[in-house]
Amino acid sequence: MNAANKLKIFNDPIYGFITIPNEQIFDLIEHRYFQRLRRISQMGLSYLVYPGAHHTRFHHAIGCMHLMQKAIQVLRFKGVDISEEESKALLSAILLHDIGHGPFSHAMEHSIVNGVSHEYISLQFMETLNKEFNGTLTLAIKIFKGEYHRKFMNQLISGQLDMDRADYLKRDSFYTGVSEGNINSERIISMLNVVDDQLVVEEKGIYSVEKFLVARRLMYWQVYLHKTSLAAEQLLIKVLQRVKELHQKGESLHASSALAFFLDNEIGKSDFNEQILETFSRLDDVDILSAMKEWQYHKDFVLSNLCKILLERDLLKIKFKKKPIKALKIQTHIEEFIKEYNVTEEEAKYFVFSGLVENQAYNLDKQNIHILMKSGKIVDVTKASDQFNLKALSKPVTKYYMCYPKK
């Protein structure tokens, strides 16, 4: 295939036409590991709340790559030296930053594999692809891991103001219809600069950054931690928990061969090898949905009911509180459930449970957003801004929830 055929164009509903910048990016997009992202929803089960939220990790990764192209262009224009090799590595790294997501993105992150984050799996995919691509992803991996000496490059991929966030806030607000999240990512990118190897935002971009942080907070409470999708995601985790339990008792359950492998085996970080990665790459949302369509008819009360309430969207009731839920309250609901359905306490706990969620729009411990003042001084955004609420955004907010069946 000649090079010209590889410089294709995507039509994106948010940014318009996105061009593929080089042959390597084209080959990575074409790879089956990357194509799998078309079958993984970007926002887990949020479509049960926002019917439009059916976009995928594929959309998002392409969008991030597009924004990275813009960022490289802006920084070069401002005199930041970025070589062709570094530019290629930045684009490859951001394109692959989410390749390790499993079915339904974050919803099942620790359910299919044990305590293995999607970032770790992304890295395993990158290492494997690097072998296939004859070592051409070595620099991309170095930047992704934060081991490259030019720190701002890692900040563009994984920082408080990275291309990942710049895309997902805008994209998720577009597909959910929640306009509060609609940030001006192009404006923020055009205000970026580099000083002493750190990413900074020029002073005149401060209002765009404020809007970005506020949008992030609103999107978390209104969308990502929306109580209904939270209840649905917890149910999905419980489905897998129950299936694993039944599997251990010797029950045979219908599942695709890839899913069956992860149900049969407890896979942790130390078990992850190329063969397991290959099996993981065969998993996507379809495996889970088709399995649940079968499991809703299973004789096990817990499994069949969990699957039914998810597939039919007859979800549990969920209440948010500012203080931890009292054990007595939970116990009362558990006892009511036992009485009504004649099940064991163990089984009832699948339908009555509590937990907590945390949200911090701006994490001061992780990495600061630095504002480059006209005087040349560099100040943290909370100090540079005349908005008192930015200080508040850096405090973690915890909410406690309890789920139980509707009456």
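Residues take their numbers from the sequence shown, with the count starting at 1. Values below: every heavy atom of this structure, side chains too, minus hydrogens, waters and symmetry copies.
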Verify the distance criterion only: is there a donor paired with an acceptor across the side chains of Y220 and E358 at less than 3.5 Å? no
Is the closest side-chain donor-acceptor distance between D380 and T382 under 3.5 Å? yes
Inter-residue atom distance M126.CE - L123.CG, 0.5 Å rounding: 6.5 Å
Is K329 atom NZ crowded by more than 12 heavy atoms from other residues, nucleotides or ligands, each under 6.0 Å away? no
Tell me yes or no: between the side chains of E245 and Y350, is some donor less than 3.5 Å from an acceptor? yes
Would you say the side-chain atoms of D27 pair up with the backbone N or O of Q24, donor to acceptor, closer than 3.5 Å? no
Going by atom types only, do N184 and S208 share a side-chain donor-acceptor pair under 3.5 Å? no
Heavy-atom neighbours of E85 CD exceed 12 at 6.0 Å: no
Nearest heavy-atom neighbours spanning F152 and Q198: CB-C, 4.1 Å
More than 12 heavy atoms of other residues, nucleotides or ligands under 6.0 Å from NZ of K323: is that the case? no
NZ (K308) with more than 12 external heavy atoms under 6.0 Å: yes
Hey, could you give me each pair passing salt bridge (charged side-chain N to carboxylate O under 4.0 Å, His left out) that has a residue in residues 36-54? Not counting sequence neighbours. R39-D284
d(I112 CD1, F104 CZ) to nearest 0.5 Å is 10.0 Å
Interatomic spacing from OH in Y15 to CZ in F10 - rounded to 0.5 Å: 14.5 Å
Atom pair CG (L372) and NZ (K204), whose distance is rounded to the nearest 0.5 Å: 9.5 Å
Donor on one side chain, acceptor on other, R282 and S256, under 3.5 Å: no
Kindly confirm or rule out a cation-pi arrangement of K322 over Y400, judged by NZ or CZ under 6.0 Å from the six-membered ring centre and within 45° of its axis? no
Strictly by modelled atom types, are E132 and H31 linked by a side-chain donor-acceptor pair under 3.5 Å? yes
Indicate the ring-plane relationship of Y175 and H55, choosing parallel, tilted or perpendicular according to the 30° and 60° boundaries. parallel
Near Y207 OH, under 6.0 Å, is it more than 12 heavy atoms from other residues, nucleotides or ligands? no
Report the distance from atom CG of L235 to atom CE of M292, rounding to the nearest 0.5 Å. 9.0 Å
Could you check whether any side-chain heavy atom of T228 comes within less than 4.5 Å of a side-chain heavy atom of R313, counting everything from C-beta outward? yes
Mind telling me whether F280 and F125 have parallel, tilted or perpendicular rings, with 30° and 60° as the class edges? tilted
Any luck finding a side-chain donor-acceptor pair between D164 and H60 under 3.5 Å? yes
For D196, is the CG atom crowded, meaning more than 12 foreign heavy atoms sit under 6.0 Å from it? no
Surrounding CD of Q275 (heavy atoms of other residues, nucleotides or ligands, distance under 6.0 Å), is the total greater than 12? no
Supply the atom-to-atom distance L236 CG to L45 CG, rounded to the nearest 0.5 angstrom. 5.5 Å
Lys/Arg cation over aromatic F26: K8, 6.0 Å, 45° cone: no
Quick note, salt bridge (charged side-chain N to carboxylate O under 4.0 Å, His left out) partners involving residues 171-195, not counting sequence neighbours, are D12-R171, D167-R171
Any donor-acceptor N or O pair under 3.5 Å, side chains S105, Q42: no
A cation-pi test, strictly: NZ or CZ of K399 under 6.0 Å from the centre of the six-membered ring of W221 and no more than 45 degrees from its axis. Yes or no? yes
In terms of relative ring orientation, are F337 and Y341 parallel, tilted or perpendicular, with 30° and 60° separating the classes? tilted
Should the heavy atoms of other residues, nucleotides or ligands under 6.0 Å from NZ of K244 be counted, would the total exceed 12? yes
Tell me, which pairs form a salt bridge (charged side-chain N to carboxylate O under 4.0 Å, His left out) where one or both residues lie in residues 72-81, sequence neighbours left out? R76-E84, K78-E202
